[in-house]
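This structure is a prediction, so every number in the text was calculated from the model and none was measured. Every chain is numbered from 1 and lettered A, B, ... according to where its sequence line falls, protein lines coming before strand lines.
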Amino acid sequence: METPKLEHLTNSNESVISITGLFKSFGELHVLKGIDLTVFKGENVAVLGKSGSGKSVLIKIIAGLLKPDQGEVIVLGKHIDKLQGRELDELRLRIGFSFQSSALYDSMSVYQNLAFPLTMNFKHLGSKEIKNAVMEALDAVGLPDKTDQMPSDLSGGQRKRIGVARTLILKPEIMLYDEPTSGLDPVTSSEINELINNVQKRYKTSSVIITHDLTCAKSTGNRTAMLLDGRFLKIGKFEEVFNTQDEQVKRFFSYNFIQ
Amino acid sequence: MRVKDCNSTMKMNTIGTKKVVFSKAVDNYLIGIDKAYRFTTRFFIEAFKKPFHFREVINQCFEVGLRSLALITVTGFIIGVVFTKQSRPSLEDFGATSWLPSLMGIALVKALGPLVTALICAGKVGSSIGAELGSMKVTEQIDAMEVSAINPYKYLVVTRVMATTITIPLLALYCSFIALYGSYTNVHAEESTGITLFYQSAFKSLSFLDLFTSLTKTIVFGFTIGIIGCYKGFNATQGTRGVGKAANQAVVLAMFLVFLEEIVIVQIANWIRYF
Ligand SMILES: Nc1ncnc2c1ncn2[C@@H]1O[C@H](COP(=O)(O)OP(=O)(O)OP(=O)(O)O)[C@@H](O)[C@H]1O
Ligand SMILES: [Mg+2]
């Protein structure tokens with residue numbers, strides 16, 4: 001396992017996510033074949049990989065939505081795949097998940113979307129406290145005036161932001177982003193990248209950013225990991241991964257990359 | 001775990017591709033039954049655990065009621081009228097038209113009211129639950145609930161199944177009354193029977209066991225429609241086509257099970273009667 005020096009990136013070598021020997025398959029389809037990954041406190045790790053390579057499966061395992069077939073997944077010091085009930089809920093409140101499809105509750109307004117996780121988990125909160133939390137989260141993603149709109153009235157980029165706001169409202173220690181920029185134009189994409197970096201600073205989160213967008217990986221990741229054939233081919237700084245002399249990696253990077 | 005074991009033994013026992021295909025189908029079928037069984041039993045575990053989402057149950061009750069009320073009213077009334085009109089000639093042959101209210105009481109309260117209500121609700125409520133949860137599933141909204149430490153089974157399934165189990169018996173009762181009213185309009189036109197007398201003779205023909213059976217039946221129907229809609233929605237596979245499929249399968253399976261339960265419950269009631 002590679003553990004590059006991180007002192008210049010983060011002020012801690014404490015790991016928040018530690019995965020070793022992770023395998024996952026669906027029937028005959030072997031998706032993950034021996035994943036090792038450590039995410040340190042305060043750092044952003046970008047995971048690159050082509051469509052269908054199992055990126056979403058990987059972070060769903062980290063969030064405990066899917067169970068690994070084999071291997072160890074330790075999140076914030078706990079084996080998330082072995083937790084149940086209350087303990088699992090408590091751990092999940094410390095993890096934020098921004099979904100590929102935003103996953104806003106489409107029967108609820110933006111305000112209700114944000115308030116929902118709070119009212120369901122913290123029954124003692126008054127409406128004023130909830131309102132303050134909602135406004136703070138909306139402010140953090142730069143959309144403070146969208147409270148009354150329905151998700152269907154928002155643009156793709158706005159939906160992504162509201163989705164991030166909904167996870168920020170629980171003040172997570174870890175953020176998992178599934179394709180934060182997919183389907184967005186370059187300007188909106190770079191705004192989202194900025195948002196991810198702002199969240200890292202403002203909320204002191206550690207993040208895993210799943211993407212196939214190279215600009216996104218470059219501008220948000222302190223380290224980049226390249227997922228290929230169910231394994232991490234390379235984990236390191238973006239330039240190191242970029243300069244790897246592997247045919248498949250080269251093909252991945254050569255597409256539409258002007259730099 | 002159980003399923004995995006039966007999986008591997010089955011695979012070992014088969015030789016030749018045809019047998020393998022067949023055994024795969026059997027496998028999938030058994031896995032499906034096991035999954036549905038667990039999904040259903042989970043309801044009884046989760047329904048009695050805190051937290052209770054009372055307000056959401058009430059919301060869902062209104063959804064179920066309002067969605068099907070108009071259709072049940074119209075259908076119930078028409079069934080009452082038509083059934084009376086159709087039965088009249090046969091009874092006239094015996095000079096027994098005074099039996100019409102009792103006959104209608106039996107036919108509408110015992111059989112048609114519950115069954116028609118269940119079928120309408122399977123169509124309207126079952127499909128909408130299937131489609132709603134199906135689209136929540138494929139757009140990852142159910143996963144989103146789970147990662148924010150909200151139990152989606154409790155919040156979505158338990159509330160909806162409770163709502164159908166409470167509301168569909170009430171709707172069936174309502175349907176029976178409306179159907180009897182439809183029948184009354186016809187009887188009144190021909191024989192000028194008063195409304196009180198009509199309802200009295202209709203209900204006099206029904207024993208406690210009859211009413212109890214009807215109630216049990218509608219509770220079972222309500223539960224079935226809710227749980228099937230939720231099950232199909234929760235297991236919708238990727239994509240918008242999956243949503244339509246979930247809604248469609250929910251209706252077909254719920255209707256099939258409603259008929260099956262009708263037969264079984266009536267049979268049991270008859271046994272009890274003869275004991
Ligand atoms: N629940 C599941 N059941 C069966 N197969 C699945 C499931 N989830 C994912 N897969 C399969 O695993 C593979 C990897 O899927 P995954 O969603 O992780 O891809 P991805 O890398 O996120 O791709 P994309 O960039 O398109 O989102 C796919 O072939 C998919 O069909
Ligand atoms: Mg994906």
(message) Between S148(B) (side chain only) and P117(A) (backbone N and O only), is there a donor and an acceptor less than 3.5 Å apart?
(response) no
Is there side-chain contact between [X] and [Y], with at least one heavy-atom pair below 4.5 Å?
{"X": "M145(B)", "Y": "M120(A)", "value": "no"}
{"X": "V147(B)", "Y": "F99(A)", "value": "yes"}
{"X": "N121(A)", "Y": "I150(B)", "value": "yes"}

Within the supplied structure, the quantity of interest is the number of heavy atoms (other residues, nucleotides, ligands) at a distance under 6.0 Å from [X] [atom1]; does it exceed 12?
{"X": "K67(A)", "atom1": "NZ", "answer": "yes"}
{"X": "F26(A)", "atom1": "CZ", "answer": "yes"}
{"X": "R86(A)", "atom1": "CZ", "answer": "no"}
{"X": "F52(B)", "atom1": "CZ", "answer": "yes"}
{"X": "K128(A)", "atom1": "NZ", "answer": "no"}
{"X": "F39(B)", "atom1": "CZ", "answer": "yes"}

Contact origin within [X] toward chain B - heavy atom pairs under 4.5 Å:
{"X": "E90(A)", "answer": "neither"}
{"X": "L170(A)", "answer": "side chain"}
{"X": "L88(A)", "answer": "neither"}

(request) May I ask you to decide whether E140(B) forms a salt bridge with K60(A), counting only side-chain N to carboxylate O separations under 4.0 Å? (result) yes
(request) Look up atom CG in L66(A) and atom CG in D143(B), then write down how far apart they are to the nearest 0.5 Å. (result) 7.5 Å
(request) Quick one: pull up CD in Q141(B) and CG in D106(A) and give me the separation to the nearest 0.5 Å. (result) 4.0 Å
